[in-house]
Structure formats: structure tokens, C-alpha cells
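This report refers to the structure that appears directly beneath it.
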Amino acid sequence: MRERATIDTLPECLIEKIVSYLSFEDAAKMRKSLTELVVESCTLIPVSLSSGVTNCTSLRKLSLTDVNLDENMLQTLINCCPLIVSFIFDQCWGLKKIELLNLQKIKSVYIKNRRELNQLVKIQASTLEHLTYEGGEFDIVECPNLKSLDISRVRISDRFLRNLISGSQSLKDLKIQSCVHIMEIDSSNLESLVYMGYKIPKLKSARQLKHLKVVLNCSGSLKAAWFCNLRKFLSNSISCPEVSLDLWQCNEINLTDLQLHHGIATPKVDILNVICRWTDGECPTFLDALLWSCHPRRLNIISKSATFECFINRLIYMKNLSHSSEPWHRELKGAQAYIFAGPVQACLFGDSRSQNRHRVELNKEELSIPDWKWKMSDWKWNTVNYYFLLDW
């Protein structure tokens with residue numbers, strides 16, 4: 001008599017794929033040794049879990065995506081799986097409070113709330129090492145072993161963030177995105193910081209960061225003080241691979257004001273991406289401020305054609321200066337400029353190896369713009385994509 005095949009004879013990856021289409025109750029009954037459970041796009045509120053499901057100690061990963069459930073159901077699920085290592089809660093609905101308490105083995109938590117819901121999250125997990133949280137409010141009671149924290153669109157204060165960082169001595173990697181109330185970051189214990197926002201925060205640090213990445217969206221008028229704050233912020237890192245600035249207004253910068261702050265350590269930015277969204281006005285000293293505040297090795301710019309002409313001519317002027325009263329002019333040993341042909345959208349901050357790039361001659365006293373119009377299909381839209389390679 002042929003032996004009857006069971007689901008246990010299938011490969012583990014196939015078993016978990018099959019289980020992902022089942023309800024939690026059916027999945028737990030079918031496979032006591034289940035290690036990963038993924039529940040997507042369903043409603044769990046009317047489900048009544050039987051007593052046979054109350055202990056699923058083999059489960060290591062629980063993932064809920066677009067699931068309708070209430071606080072009691074979530075707590076029941078968590079109680080059923082006390083030894084999970086990874087928990088994912090992605091845009092679920094039906095509850096106002098999420099509590100993760102007394103999980104003995106939890107290492108990683110990912111929570112993304114729906115924008116329209118005001119869900120409060122409370123976490124107490126001494127073993128937690130990696131936390132990603134987006135949207136709403138949260139309260140971390142105790143996570144002393146936290147190593148990385150990624151927060152986005154979270155309403156927290158400087159004091160709360162300071163207490164969180166000081167209470168997690170193992171925290172090394174911090175990512176902050178669109179958290180408008182954060183004005184100061186204590187980076188004393190951090191090694192890596194990724195910051196995306198609208199204002200430049202102050203860094204409270206006893207040592208330099210090993211890695212810093214910055215994305216700033218600035219809609220207001222920028223003055224010399226803003227660039228001084230940017231330079232001070234960037235100088236707190238040993239390495240700064242990439243800085244991105246989305247700028248909406250251009251004004252002349254008082255270079256004398258920059259000289260007053262030249263004692264700030266020189267940043268080490270590898271790539272500076274700048275989107276210039278203003279439609280009129282020429283501000284040659286704006287380029288000086290960008291170079292002074294970031295000191296980039298490569299400067300990628302997308303701008304209107306008038307700004308392109310202004311910046312290129314300013315770079316030619318700076319490159320040809322044999323003696324200058326501005327220290328950052330003297331530090332610039334050489335420069336190369338390239339422009340991309342073709343639609344800007346197709347080569348946003350284009351690859352330097354692209355065959356669509358064309359070198360701009362900087363040995364002239366002034367650039368002749370008509371020489372370049374025929375190479376750029378976006379010229380008629382008044383938008384240009386170009387970059388500078390700078391030797392300091």
C-alpha cells in the first residue's frame with residue numbers, strides 16, 4: 001500500500017507560500033511547525049480563534065498587511081506567537097492602539113500606519129534591535145538593545161527623541177524622514193544618520209558620525225545663515241556620500257557673511273544633488289554658497305536654462321581666478337562641466353558614463369549658449385540637466 005503524502009513532504013518555501021493564502025486559524029491547525037505567516041488583504045474581526053491555536057511557538061515571523069482587525073484580535077495573535085523574531089504591521093485598520101509587550105525574542109519590528117488613521121503605538125521589548133515606524137504617534141517604554149531606528153512622519157518632540165537615544169546605548173543607525181517637530185538630534189552614540197526634512201536640525205555630538213546622508217526640501221528664501229547652518233551640520237560627519245537639496249527660491253548671498261564662519265570644519269560631501277525650481281533671476285553667488293557649504297566632489301544640478309548659463313559662467317570665473325579673496329575659490333584646483341542631452345526625466349542626475357553627456361568647455365571667458373541648444377531636446381522646455389566634477 002502506497003504511503004499517503006502529507007504537506008510536510010513539500011519544500012519549506014512552498015509550504016509557507018501555500019499557508020500565506022489561508023486564514024490564521026486554518027494555517028495554525030494545518031502546520032504546527034510553521035515558522036512564517038503572512039496575512040494580506042483580509043478581515044479578521046469576525047474570526048474566533050479556537051483553543052488549539054493558542055500556542056504556535058514555532059512561528060518566527062508574523063506579517064499583517066492591509067488587514068482589518070481590532071485590538072483584541074491583534075493581542076490574541078501576538079499571544080499565540082510569543083517567540084516571533086520579526087513582526088510586520090503594514091497599513092492595517094480597525095484599531096486605534098497597537099501594543100507590543102512581553103515578546104521574548106523579538107528582534108525586528110516594521111509598522112506603517114494608514115495616513116488617515118491616528119494609531120498610537122506602544123512598544124516594550126528588551127530584545128528589539130531594529131525598528132521602522134511610519135505615521136502617527138508612538139511610545140517606546142523600554143528598548144535598551146535597539147541598534148537601528150527608522151521613523152517617518154512621526155509626531156515626536158526633541159525631548160522624546162533625546163530620551164529614546166539616551167535610553168538605547170546600542171543605537172548606531174538613525175533615519176528620520178519628515179518629522180517636522182525635531183529641531184535637535186543627539187548623535188553622541190550614533191555612527192550613521194540619514195535625515196530627510198524641511199529644516200536643518202542641530203546636532204549635539206561628542207564625536208563625528210561615520211556616515212551622513214541628507215535630503216532637504218526648502219521652499220523659503222535662503223540667506224548666508226542657512227548655508228552656514230548646513231556646513232556646520234555636514235561637518236559633523238567623517239563621510240557624507242550624498243546630499244540632496246530641493247530649492248524653490250534663489251537670492252544673492254552675502255559672501256562676507258560666509259567668511260565670518262569659515263572656521264567651521266570643511267565638509268566631505270561626495271555627491272551634491274540640487275534641483276533649482278525658480279523660474280527667473282540670476283544669482284551667481286548662490287553657486288559660491290553651495291560649494292562653500294558642501295564642498296562636493298560632484299555637483300549634479302537640474303535647473304532652468306538661465307540658471308545653467310549663470311552657474312556655468314560663474315564656474316568659469318572662479319576657475320580662471322589666479323588670486324581670490326574668497327578661501328574656497330583658492331581651494332578649487334580644477335573643474336569639469338558636463339551637460340546631458342535628451343529629456344531631463346530620462347536622465348535625472350544622469351550617469352556620468354552615459355553617451356548622452358557632452359563636456360562643456362570652461363577655458364573660454366564666457367559660455368556661448370547657442371552652441372548647446374541643438375544638443376538638448378529639453379531646451380525648448382527651458383530645463384537643463386548638468387553636473388560639475390570638482391577637484392579640491
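Remember, predicted model here, so these are calculated numbers, not experimental data. Side-chain atoms are counted along with the backbone in the values below, which use heavy atoms only and exclude waters and symmetry mates.
Of the charged side-chain nitrogens involved, none lies within less than 4.0 Å of a carboxylate oxygen, so that D90 and K112 do not count as a salt-bridged pair. Comment: E129 engages K107 in a salt bridge, judged by a side-chain N to carboxylate O separation of less than 4.0 angstrom. Here D270 does not pair with K213 in a salt bridge; the nearest charged N to carboxylate O distance is not below 4.0 Å.
When all heavy atoms are compared, the tightest approach of S86 to I106 is N-CD1, 3.9 Å. Between G197 and Y195, the shortest heavy-atom contact is N-CE2, 3.9 Å. Residue M183 comes nearest to D158 through the heavy atom pair N-OD1, 2.7 Å, listed as atom of the first residue, atom of the second, then distance.
Between L161 and I176, some side-chain heavy-atom pair lies under the 4.5 Å cut-off. Residues N236 and S187 are not in side-chain contact: their nearest non-hydrogen atoms beyond the backbone lie 4.5 Å or more apart. No side-chain heavy atom of S148 sits less than 4.5 Å from a side-chain heavy atom of D150. Residues D288 and I253 are not in side-chain contact: their nearest non-hydrogen atoms beyond the backbone lie 4.5 Å or more apart. Side chains of N189 and Q169 form a contact here, defined as non-hydrogen atoms less than 4.5 Å apart.
A donor-acceptor contact closer than 3.5 angstrom is absent between the side chains of T65 and E40.
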Applying side-chain contact (heavy atoms from CB on, under 4.5 Å) to V269 and H295, what does each step give before you reach the verdict? CA-CA 6 Å; V269 176; H295 218 264; 6.0 Å; no

Evaluate the side-chain contact (heavy atoms from CB on, under 4.5 Å) criterion for residues I339 and F308: first the C-alpha distance (whole Å), next the side-chain angles of each, then the deciding distance (0.1 Å), finally the verdict. CA-CA 10 Å; I339 191 169; F308 164 73; 3.5 Å; yes

Is there a side-chain hydrogen bond (donor to acceptor under 3.5 Å, both in side chains) between T266 and R231? Walk through the geometry before answering. CA-CA 7 Å; T266 303; R231 177 171 173 135; 3.3 Å; yes

Working for salt bridge (Lys or Arg N to Asp or Glu O under 4.0 Å), residues K202 and E184: CA-CA 5 Å; K202 294 181 179 179; E184 182 179 86; over 6 Å; no

Trace of the side-chain contact (heavy atoms from CB on, under 4.5 Å) decision for F138 with I151: CA-CA 10 Å; F138 77 119; I151 54 176; 4.0 Å; yes

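Applying the side chain to side chain donor-acceptor pair (under 3.5 Å) rule to N217 yields the partners W248; only residues at least two apart in sequence or on another chain are considered. With sequence neighbours excluded, the residues forming a side-chain contact (heavy atoms from CB on, under 4.5 Å) with C218 are L216, L222, W226, L247, listed by chain and number. For S235, the side chain to side chain donor-acceptor pair (under 3.5 Å) criterion is met by no residue, not counting sequence neighbours. In this view, S239 and P241 satisfy the side-chain contact (heavy atoms from CB on, under 4.5 Å) rule, not counting sequence neighbours. Looking at residues two or more places apart in sequence or on another chain, you find a side-chain contact (heavy atoms from CB on, under 4.5 Å) between Q249 and S221. Every residue was checked against the side chain to side chain donor-acceptor pair (under 3.5 Å) condition with S63, not counting sequence neighbours, and none meets it.
The CD atom of Q124 lies 11.0 Å from the CG atom of L100; values are rounded to the nearest 0.5 Å. Atom CG of N300 is separated from atom CG of L245 by 11.5 Å, given to the nearest 0.5 angstrom. Note that the CD1 atom of I301 and the CZ atom of F388 stand 4.5 Å from one another [nearest 0.5 Å]. Note: F227 CZ to L230 CG = 7.5 Å, rounded to the nearest 0.5 Å.
Under the 3.5 Å distance criterion, the side-chain polar atoms of W292 are left unmatched by any main-chain donor or acceptor of C228. With S168 contributing its side chain and C143 its backbone, the two residues share a donor-acceptor pair below 3.5 Å. For N113 (side chain) and G135 (main-chain N/O), a donor-acceptor pair under 3.5 Å exists by modelled atom type.
By the 30° and 60° cut-offs, the orientation of the rings of F286 relative to W278 is perpendicular.
In the hydrophobic clustering of this structure, L77 does not group with I88; members are Ile, Leu, Val, Met, Phe, Trp, Tyr whose side-chain heavy atoms approach within less than 4.5 Å, directly or through other members. Note on V180 and I200: separate hydrophobic clusters, where clusters join Ile, Leu, Val, Met, Phe, Trp and Tyr whose side-chain heavy atoms are under 4.5 Å apart, directly or indirectly. No single ILVMFWY cluster, assembled from side-chain heavy atoms under 4.5 Å apart, contains both I165 and V194. Hydrophobic cluster membership differs between V215 and I182, with clusters built from Ile, Leu, Val, Met, Phe, Trp and Tyr side chains linked at under 4.5 angstrom. Hydrophobic clustering (ILVMFWY, side-chain heavy atoms < 4.5 Å, transitive): V67 and Y110 are in distinct clusters.
Other residues, nucleotides and ligands place more than 12 heavy atoms under 6.0 Å from the CZ atom of R60. The local environment of NZ in K268 is sparse, with at most 12 non-hydrogen atoms from other residues, nucleotides or ligands closer than 6.0 Å.
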